[in-house]
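Here's the structure, in structure tokens; my notes come after.
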Amino acid sequence: MSKPPTVGIVSLGCPKALVDSERIITRLRSEGYQLSGSYEGADLVVVNTCGFLDSAKAESLDAIGEAIAENGKVIVTGCLGKEEGLIRASHPKVLEVTGPHQYEAVLSAVHAHLPQAHDPKIDLVPEGGFRLTPRHYAYLKISEGCNNRCSFCIIPSIRGDLASRPANAVLKEAESLVKAGVKELLVISQDTSAYGVDVKYAESKWKDRMVRARFYDLCKELGEFGAKESPIWVRLHYVYPYPHVDEVVGLMAEGKILPYLDIPFQHAAANVLKAMRRPANQDRVLDRIKAWRAICPDLTIRSSFIVGFPGETEEDFETLLDFIEEAEIDRAGCFKYENVEGAPSRDLPDHVDQDEVDERYDRFMEVQTELAHARGQAMIGRNIEVICDGWDEDAEAYACRSKADAPEIDGVVYVGSDNEIAEGTILSVRVTTAEGHELWASA
Ligand code: SF4
């Protein structure tokens, strides 16, 4: 039998780009292509790029160059694909360039440059498709694009306006993932709480009922997947603090979905938020967070912030530090402002000196570290539920995550146990020690 054609894939960027890569892989495998984890084992390489920040563009261009040097046959897709001229100027040997979500175009390019003979014996795809995440968790993308126009962001110009998937398509995918062994669903999009606005919350048939494409309705249905003896964790990312998030916090208090909200606040000072073109009433945001915590005391809030945005004064920066303390932001990521090409914020006055940006970043991280330390100490002695991600050789313990920890971005709970703990097992542990975002516990 002749060797089937083999494709390698390099996936860069955010979880949304990762989902795109998974879809491409799923389609290729369903057509009988093989996958290779190395350049030399592949007949052709697909590079899924990121174009969010200038640093991400540079990383994408480097990855394309490496794939050409190591393999030679390269197809480029993803966010940077919008800038074909830039890619071709740096790498004229690239075979084809396609933009984000152009799965059909990627497949056509692979067919054209690496045709394959049909073989029904290899045309088998496991339930849930092929994924790049471990078997026990998966990203669930509910929409593409974004209706917001934050001044530092070029995503809407790359990915277009909000385009929500039908509720039954999302639920069908979630069901397939759960059947394939997934224990944790990570709901993602550019603006999760805006889900369905573009399709006027259209209903679609799911099982014996109609389900609206609406944030609350979708969360409620996703919360039905687990059972007491075999829970499924549902975690929400990229949520805006709109009033209708309140009802979803009610589902968290009922234990239907994880008490975790990833809300990219970006800043707290009204004038900076205005310049960023983000909602700018922080008093109302603080009241809303307090109300959420009253409904669901175990709620964890993760957020990301930008320091050194054009026009940010020392006073604005202190307002930001006060906010993360007062709002008790549990997980705070910080980015230094980047002057992204094509972003309207480039034209704003009063850009902050890089030394000042660096200094504010360091001060932010100091406050953040202190808050994390205090939070960790408060966890000692508590019994918590964790999900196991596998054995960690360095720590000589099982690396697990609590409900407050999303994979890759939050903390780890190291669990010592005499018994083997399988990946994806959800178990109760007792916290014994804390250091930064890391906890140590015993089973
Ligand atoms: S919400 Fe703002 S930062 Fe996020 S994708 Fe939309 S425009 Fe960009």
Side-chain angles (χ1 to χ4, degrees), residues 12-20 48-57 60 78-83 99-101 139-165 186-199 215 236-245 248 261-282 285 288 301-312 320 329 331-348 406 409:
L12 303 168
C14 61
K16 286 152 275 193
L18 189 78
V19 171
D20 291 348
N48 188 5
T49 58
C50 175
F52 181 41
L53 298 171
D54 287 347
S55 49
K57 285 184 188 175
S60 294
C79 288
L80 191 62
K82 280 251 177 179
E83 299 189 46
H101 320 312
Y139 294 101
L140 183 64
K141 196 193 244 188
I142 61 171
S143 61
E144 303 282 2
C146 182
N147 283 349
N148 301 312
R149 292 293 181 264
C150 303
S151 61
F152 52 83
C153 178
I154 55 167
I155 296 250
S157 67
I158 298 175
R159 302 215 157 203
D161 284 339
L162 179 73
S164 301
R165 296 175 67 196
L186 301 132
V187 177
I188 55 166
S189 69
Q190 304 295 346
D191 180 359
T192 297
S193 37
Y195 174 64
V197 170
D198 55 311
V199 292
F215 182 46
L236 302 179
H237 287 281
Y238 315 125
V239 174
Y240 259 58
Y242 298 133
H244 66 276
V245 174
V248 171
L261 277 174
D262 176 2
I263 308 180
F265 287 112
Q266 309 296 9
H267 213 280
N271 56 312
V272 178
L273 286 166
K274 194 160 170 241
M276 287 178 164
R277 300 191 200 146
R278 310 264 308 174
N281 192 327
Q282 284 315 100
V285 167
R288 180 150 290 130
I301 298 181
R302 144 163 281 278
S303 189
S304 55
F305 299 91
I306 296 173
V307 293
F309 192 79
E312 181 193 66
L320 170 58
I329 301 296
R331 314 270 188 244
C334 184
F335 297 93
K336 297 175 188 176
Y337 173 74
E338 276 193 37
N339 221 10
V340 175
E341 200 165 323
S345 55
R346 279 174 82 95
D347 300 328
L348 288 171
I409 50 174

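We count ligands from 1, going down the list as the structure has it; atoms in each ligand are counted the same way. Side chains included, hydrogens not; waters and symmetry mates left out as well; all remaining heavy atoms used.
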**Asked** atom 1 (S) of ligand 1: which protein heavy atom is closest, and how many Å away?
**Response** Tyr240 OH, 3.3 Å
**Prompt:** How close does the nearest protein non-hydrogen atom get to atom 2 (Fe) of ligand 1, and which residue and atom is it?
**Reply:** Cys150 SG, 2.3 Å
**Prompt:** Parallel, tilted or perpendicular: which describes the rings of Tyr139 and His237, with under 30° parallel and over 60° perpendicular?
**Reply:** tilted
**Donor-acceptor contact present, side-chain Ser151 to main-chain Ala275, <3.5 Å** = yes
Against heavy atoms of [X], which atoms of ligand 1 measure under 4.0 Å?
X      : answer
Arg278 : 1 (S), 2 (Fe)
Pro156 : 7 (S)
Cys146 : 1 (S), 5 (S), 6 (Fe), 7 (S)
Gln190 : 5 (S)

**Prompt:** Any heavy atom of Gln266 sitting closer than 4.0 Å to ligand 1?
**Reply:** no
**Sole candidate of Leu348, Val272, Asp347 that passes side-chain contact (heavy atoms from CB on, under 4.5 Å) when paired with Pro310** = Leu348
**Prompt:** So which heavy atom on Leu162 is nearest to which on Ser143, and how close?
**Reply:** CD1-OG, 3.6 Å
**Asked** Is Arg331 salt-bridged to Asp262, going by a charged N under 4.0 Å from an acidic O?
**Response** no
**Message:** Any carboxylate oxygen within less than 4.0 angstrom of a Lys/Arg side-chain nitrogen, looking at Lys57 and Glu83?
**Reply:** yes
**Prompt:** Of all the atoms in Cys153, is at least one N, O or S atom closer to atom 8 (Fe) of ligand 1 than 2.8 Å?
**Reply:** yes
**Item:** Modelled atom types, side-chain donor and acceptor of Asn148 and Asp191, under 3.5 Å
**Value:** yes
**Message:** Below 4.0 Å, non-hydrogen atoms only: which portion of Tyr238 touches ligand 1? Side chain, backbone, both or neither.
**Reply:** neither
**Complete:** Short version for Pro264: what comes under 4.0 Å of ligand 1, heavy atoms counted, is neither
